[in-house]
Q: 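The following block contains the structure, expressed as structure tokens.
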Amino acid sequence: MQVLQFSLKTDKIELQWNSQKMILTQGLDFIQQQSLVRGVWSELAIEKMIYQIEELLESEPVLRQVHSKAATSDPMMKRLNQLFFKTDEPIDRVQLEHAFNDFVDHLSYYLHQVEEDQQQVFVYFVMIREMMHHLKIQEISIQ
């Protein structure tokens, strides 16, 4: 089974799958700017974020073929792991969905767990969740 390698950055998203490298030129900053009104997190902002991410993922036809595991060495994934998972094992879809629902249900709590200038980790989280859904990723390993 192929492993999708990815790196989610402020200005672009880099994906490598099946020997193909894809760069999406709209990164986490774009998603955050399009979704948060005046920098305020809310359920509506998260819904807007999900919509933006779906559009972004669907813009690359090759990604429709992905059905695999994923891996990353992104520092934000390591931070997400500290906040939500606390494991050295790969994170599977069930764990991720449970953590995401907890995040949405306790948004204010989690926003206070990081400094305001580090809240982009939550944009990263929404992106990871949508990647698992749309790209049918079964688990994500942190390298």
Side-chain angles (χ1 to χ4, degrees), residues 1-37 39-107 109-111 113-143:
M1 178 179 276
Q2 292 286 333
V3 174
L4 174 74
Q5 296 284 331
F6 68 88
S7 182
L8 309 179
K9 301 178 180 189
T10 58
D11 61 340
K12 63 185 169 189
I13 295 168
E14 296 175 349
L15 305 153
Q16 186 168 342
W17 185 75
N18 204 18
S19 301
Q20 292 181 296
K21 186 165 186 168
M22 295 150 276
I23 298 176
L24 306 177
T25 58
Q26 297 165 326
L28 299 174
D29 280 348
F30 174 80
I31 295 166
Q32 186 169 351
Q33 291 166 357
Q34 295 296 311
S35 306
L36 302 181
V37 177
V40 176
W41 282 85
S42 66
E43 287 185 24
L44 178 60
I46 294 170
E47 286 297 322
K48 286 181 181 180
M49 209 170 287
I50 289 169
Y51 175 78
Q52 289 293 327
I53 293 166
E54 287 173 349
E55 292 292 311
L56 191 59
L57 292 173
E58 291 172 8
S59 73
E60 184 58 58
V62 172
L63 294 176
R64 294 184 193 128
Q65 302 168 18
V66 174
H67 301 279
S68 67
K69 297 178 180 184
T72 188
S73 58
D74 287 346
M76 275 199 239
M77 188 67 196
K78 293 174 184 175
R79 181 67 176 126
L80 268 184
N81 189 26
Q82 292 171 342
L83 286 167
F84 293 99
F85 307 108
K86 298 172 179 62
T87 182
D88 291 331
E89 301 295 318
I91 299 160
D92 66 29
R93 293 178 80 160
V94 173
Q95 289 171 300
L96 190 118
E97 195 62 33
H98 176 73
F100 184 79
N101 290 337
D102 190 53
F103 166 63
V104 172
D105 291 343
H106 302 97
L107 186 59
Y109 168 79
Y110 284 107
L111 291 174
Q113 297 304 304
V114 299
E115 298 296 322
E116 189 171 332
D117 64 346
Q118 297 173 345
Q119 289 182 356
Q120 195 170 68
V121 72
F122 301 121
V123 178
Y124 190 97
F125 192 20
V126 177
M127 182 73 188
I128 295 295
R129 182 206 184 226
E130 291 309 304
M131 284 174 58
M132 284 191 111
H133 279 263
H134 289 279
L135 306 183
K136 297 175 182 74
I137 294 171
Q138 299 304 312
E139 64 183 34
I140 298 174
S141 298
I142 303 169
Q143 301 173 329

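Just so it is clear, the model here is predicted, and its values are computed rather than measured. Throughout, numbering of the chain's residues begins at 1 and tracks the sequence.
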Q: Would you say the side-chain atoms of Q26 and D11 include a donor-acceptor pair closer than 3.5 Å?
A: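 No donor-acceptor contact under 3.5 Å links the two side chains.
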Q: What closest approach, in Å, do E58 and R64 show between heavy atoms, and which atom pair accounts for it?
A: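 The pair with the smallest heavy-atom distance is O-NH2, 3.1 Å.
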Q: To the nearest 0.5 Å, what is the distance between OG on S7 and NZ on K12?
A: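 One gets 8.5 Å once the value is rounded to the nearest 0.5 Å.
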Q: If you count the non-hydrogen atoms of other residues, nucleotides and ligands that lie under 6.0 Å from CG in D105, is the total more than 12?
A: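 More than 12 heavy atoms, drawn from other residues, nucleotides or ligands, come within 6.0 Å of this atom.
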Q: Specify the closest pair of heavy atoms between V40 and A45, including all atoms of both residues, with the distance to one decimal.
A: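 Here V40 and A45 meet closest at O-CB, 3.9 Å.
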Q: Name the one of F100, Y109, Y110 that satisfies ring pair (Phe, Tyr, Trp, His ring centres under 6.0 Å) with F84?
A: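 Checked F100, Y109, Y110 against F84; only one passes ring pair (Phe, Tyr, Trp, His ring centres under 6.0 Å): Y110.
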Q: Is there a side chain to side chain contact (heavy atoms under 4.5 Å, CB included) between L63 and M131? Walk through the geometry before answering.
A: CA-CA 10 Å; L63 294 176; M131 284 174 58; over 6 Å; no
Q: Using atom types as modelled and distance alone, determine if a side-chain donor or acceptor of H134 lies under 3.5 Å from a backbone N or O of E130.
A: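 No, the answer is negative, given that no donor and acceptor are paired below the 3.5 Å cut-off.
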Q: Return yes if a side-chain donor-acceptor contact under 3.5 Å exists between Q2 and H67, otherwise no.
A: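 No, no side-chain donor-acceptor contact under 3.5 Å.
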Q: Side chains of Q82 and K86: closer than 4.5 Å at any heavy-atom pair?
A: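 No, too far: nothing below the 4.5 Å cut-off.
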Q: Would V126 and I53 count as a side chain to side chain contact (heavy atoms under 4.5 Å, CB included) if you check the C-alpha gap in whole Å, the side-chain angles of each, and the deciding distance to 0.1 Å?
A: CA-CA 8 Å; V126 177; I53 293 166; 3.6 Å; yes
Q: Working to the nearest 0.5 angstrom, can you tell me the gap between N81 CG and K78 NZ?
A: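 Answer rounded to 0.5 Å: 10.0 Å.
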Q: CG/D92 to CE/M132 distance, rounded to the nearest 0.5 angstrom?
A: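 If I round to the nearest 0.5 Å, the distance is 6.5 Å.
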Q: Let me see the working for E116 and L111 under side chain to side chain contact (heavy atoms under 4.5 Å, CB included), right down to the final yes or no.
A: CA-CA 8 Å; E116 189 171 332; L111 291 174; over 6 Å; no
Q: State, yes or no, whether a side-chain contact exists between M127 and I31 at a heavy-atom distance under 4.5 Å.
A: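 SC-SC contact between M127 and I31 confirmed.
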Q: Any side-chain heavy atom of Q32 sitting closer than 4.5 Å to one from Q120?
A: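 Yes, close enough: below the 4.5 Å cut-off.
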Q: Does the side chain of Q113 reach to within under 4.5 Å of the side chain of L83, using non-hydrogen atoms?
A: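 In contact.
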Q: Crowded around Q143 CD? As in, over 12 foreign heavy atoms under 6.0 Å?
A: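 Count over threshold, so yes.
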Q: Quick one about Q5 and W17 (side-chain donor to acceptor, distance below 3.5 Å, no hydrogens or angles considered), yes or no?
A: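 Not at all, the side chains of W17 and Q5 share no donor-acceptor pair under 3.5 Å.
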Q: Quick check: closest heavy atoms across M49 and S35, and the distance to 0.1 Å?
A: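 Heavy-atom minimum between the residues: CA-OG, 3.1 Å.
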Q: Rounded to the nearest 0.5 Å, how far apart are OG of S59 and CD of E54?
A: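 Reported value, rounded in 0.5 Å steps: 12.5 Å.
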Q: Is K69 close to L4 at the side-chain level, that is, under 4.5 Å between some pair of heavy atoms?
A: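 A side-chain contact under 4.5 Å is absent here.
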Q: How far does CD1 of I46 sit from CZ of F125, to the nearest 0.5 angstrom?
A: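 If I round to the nearest 0.5 Å, the distance is 9.5 Å.
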Q: Taking all heavy atoms of L96 and all of F85, pick out the closest pair and write down the distance.
A: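 The answer is CA-CE2, 3.9 Å.
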Q: Roughly how far, to the nearest 0.5 Å, is CZ of F6 from CG of L24?
A: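 CZ of F6 is found 13.0 Å from CG of L24.
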Q: Show the numbers, then the answer: is there a side chain to side chain contact (heavy atoms under 4.5 Å, CB included) between L8 and I128?
A: CA-CA 9 Å; L8 309 179; I128 295 295; 3.8 Å; yes
Q: Are the side chains of L28 and M76 in touch, meaning some heavy atoms are under 4.5 Å apart?
A: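 Result yes, sub-4.5 Å side-chain heavy-atom pair found.
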Q: Is the shortest distance from a Lys or Arg side-chain nitrogen in R93 or E139 to a carboxylate oxygen in the other one below 4.0 Å?
A: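 Salt bridge between R93 and E139, a charged N being under 4.0 Å from a carboxylate O: no.
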